[in-house]
Amino acid sequence: MDKVLSLNVVLLSLDVIGRLTIGVLAGGVFFVVISICLKKWNEKKENYWKSFFQDFCRDIGIAFAVAGLVTVVYGNVLDFQRFSDAVGLMIGESVPQSVWDKTKTQVFQRDVLRGNYEATWQIVPERSMPPDQVILKVRIKYTIYGLKSQPFEYSIQQELENMHLFNTAKKLPRFDRVTIVGAKVYEGIELEQLVKNGLLTLPLINLNEWKKTEPEYELQTNKGTDIIFERSEIINLPGAYSTVLSGLTKNIRLQIETADDIQFELKEWFVSNGKGFEKTGNYFIYNGVALPGQSISVQFWRKSDTKQEKR
């Protein structure tokens, strides 16, 4: 209860600071206007005290205006940092500093946001594979947005998930194609040269600055870069496939395609406002923000498998 009260006090204080900034700006304009009026009044007859009061109002007005403008400009950059510091202040007594430092790095100090994450997992039976294995075709498309206040270059990385299951004859698992929509397609030898030990590292791309707006409009207001990853991996039947989200990800849409004799079950590991993935037609949809390190997991099994084998 005390921490909830503390958070409310901090948020209220930030709101008061915002109102005070507007007041300082308004005060600056007021004093500058008074200074102009005094100058007009004092043009015909020079008076020491009137001239002094005019200069005083002018200087105070300029000082207030500059202070307000500086607060607005730097406040936009520092708002998130202030909030993270406020949270750190409240939870510091119950969370070790080393844990909080790691949390700040993972949550508050992020350079990019992935939005409209669309994934399709398609099971493709292959006769040359062992009877308890199938190929899983993974297609991921999302828009990556820069969260900095100015444009910058960023290197995108992505890993293959099931590196412990491999088939050297078919070069599995592997990346099949990577597309930076409207700019570049990587495949074949060129793509292979970008992968080391299952980790794909793309050349630097340019990201636009982040423009603050209402949460429901931020993905429409800001301009991001669309990227498509296509890869082939191996999964066991019965077995499970999991993908770990390496960055902040907003709005997830997952489609799973299987043969008639294969069943699956989605395992939820995170929720937003009490809601996890919702089934809509052939899609599982999560309209929230997933944090770095959270994962999506699906269990697969054949209809002929027993419940015990599935587990």
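Predicted model, so just to flag it, every value in this text is computed and none were measured.
- The side-chain heavy atoms of Ile205 and Ile144, taken from C-beta on, include a pair separated by under 4.5 Å.
- Interatomic distance, OH of Tyr283 versus CG of Leu254, reported as 10.0 Å (0.5 Å rounding).
- The shortest distance between side-chain heavy atoms of Glu265 and Val298 does not fall below 4.5 Å.
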Steps toward side chain to side chain contact (heavy atoms under 4.5 Å, CB included) verdict (Asn208, Asn222): CA-CA 8 Å; Asn208 295 295; Asn222 287 279; over 6 Å; no
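- Between Leu113 and Leu248, the closest heavy-atom pair is CD1-O, 3.6 Å.
- Heavy atoms only, all atoms of each residue included: Leu207 and Tyr145 are closest at CD1-C, 4.4 Å.
- Linking Ile, Leu, Val, Met, Phe, Trp and Tyr residues whenever their side-chain heavy atoms come within less than 4.5 Å places Leu194 and Tyr154 in a single cluster.
- Of all heavy-atom pairs spanning Asn282 and Lys279, the tightest one is CA-NZ, 4.1 Å.
- A pairwise comparison of heavy atoms in Ser246 and Pro292 identifies O-CB, 3.7 Å as the closest pair.
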Verdict with supporting geometry, Val178 and Leu202, side chain to side chain contact (heavy atoms under 4.5 Å, CB included): CA-CA 9 Å; Val178 176; Leu202 292 176; 3.9 Å; yes
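- Both Met163 and Ile296 are assigned to one and the same hydrophobic cluster, defined by single-linkage of ILVMFWY side chains at heavy-atom distances under 4.5 Å.
- Taken from CZ in Arg139 to CD in Gln255, the straight-line distance is 10.5 Å, to the nearest 0.5 Å.
- When only modelled atom types and interatomic distance are considered, Thr221 and Lys211 share no side-chain donor-acceptor pair under 3.5 Å.
- Considering all non-hydrogen atoms of both residues, Ile140 and Ala119 come closest at CG1-CB, 4.3 Å.
- Remark: the Gln157 side chain and the Thr201 side chain contain an N/O donor-acceptor pair separated by less than 3.5 Å.
- Here the straight-line distance linking atom OG of Ser242 with atom CG of Asn162 works out to 8.0 Å at 0.5 Å rounding.
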Candidate pair Val112 and Phe152, rule side chain to side chain contact (heavy atoms under 4.5 Å, CB included), full reasoning: CA-CA 11 Å; Val112 298; Phe152 65 99; 4.2 Å; yes
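- A salt bridge links Lys250 with Glu218; the closest basic N to acidic carboxylate O contact falls under 4.0 Å.
- Taking the charged nitrogens against the carboxylate oxygens, Lys184 and Glu190 do have a contact shorter than 4.0 Å, which makes a salt bridge.
- Residue pairs meeting the ring-ring contact (aromatic ring centres under 6.0 Å, His included) criterion with at least one partner in residues 217-257, sequence neighbours excluded, are Trp121-Tyr241, Tyr142-Phe229.
- Taking the side chain as every heavy atom from C-beta outward, Ile135 and Ile123 never approach each other to under 4.5 Å.
- With respect to the salt-bridge test (charged N to carboxylate O, under 4.0 angstrom), the residues Lys141 and Glu118 do not qualify.
- Other residues, nucleotides and ligands contribute at most 12 non-hydrogen atoms within 6.0 Å of the CD atom of Gln150.
- Looking at heavy atoms from C-beta onward, Val195 lies in side-chain contact with Leu200 at the 4.5 angstrom threshold.
- In this structure, Asn167 and Gln133 have side chains that are not in contact, with every pair of non-hydrogen atoms separated by 4.5 Å or more.
- Considering CD of Glu233 and CG of Leu160, their distance stands at 5.0 Å, rounded to 0.5 Å.
- Of the listed residues (Thr143, Leu245, Ile156), just one forms a side chain to side chain contact (heavy atoms under 4.5 Å, CB included) with Arg114, and that residue is Leu245.
- In this pair, Phe277 and Tyr286 present their aromatic rings tilted. The plane angle is within the 30 to 60° band.
- A 4.5 Å side-chain heavy-atom check between Val134 and Met129 finds every atom pair outside the cut-off.
- Cluster membership for Leu136 and Phe166, using ILVMFWY side-chain heavy atoms within less than 4.5 angstrom, is not shared.
- Salt bridge absent: Asp260 and Lys303 never bring a charged side-chain N and a carboxylate O closer than 4.0 Å.
- The closest side-chain heavy-atom distance from Pro238 to Asp132 is not below 4.5 Å.
- In the model, Thr243 has a side-chain atom that pairs as donor or acceptor with a side-chain atom of Glu161 under 3.5 Å.
- Transitive grouping of hydrophobic side chains (ILVMFWY, heavy atoms separated by less than 4.5 Å) brings Ile262 and Ile256 into a common cluster.
- Defined by atom type and a distance below 3.5 Å, a donor-acceptor pair is present between the side-chain atoms of Arg231 and Gln158.
- Annotation: the span from Asn206 atom CG to Thr225 atom OG1 amounts to 8.0 Å, rounded to 0.5 Å.
- In terms of heavy-atom proximity, Lys170 sits nearest to Arg174 at O-NH1, 2.9 Å.
- Ile235 contributes atom CD1, which lies 11.5 Å from atom CD of Gln299 (distance to the nearest 0.5 angstrom).
- Grouping the Ile, Leu, Val, Met, Phe, Trp and Tyr side chains by contacts below 4.5 angstrom, directly or via other members, places Val244 apart from Ile234.
- At a threshold of 4.0 Å, the pair Arg302-Asp261 counts as salt-bridged, since one of the basic side-chain nitrogens sits closer than that to a carboxylate oxygen.
- Side-chain atoms of Ile252 and Phe284, non-hydrogen and from C-beta on, never get closer than 4.5 Å to each other.
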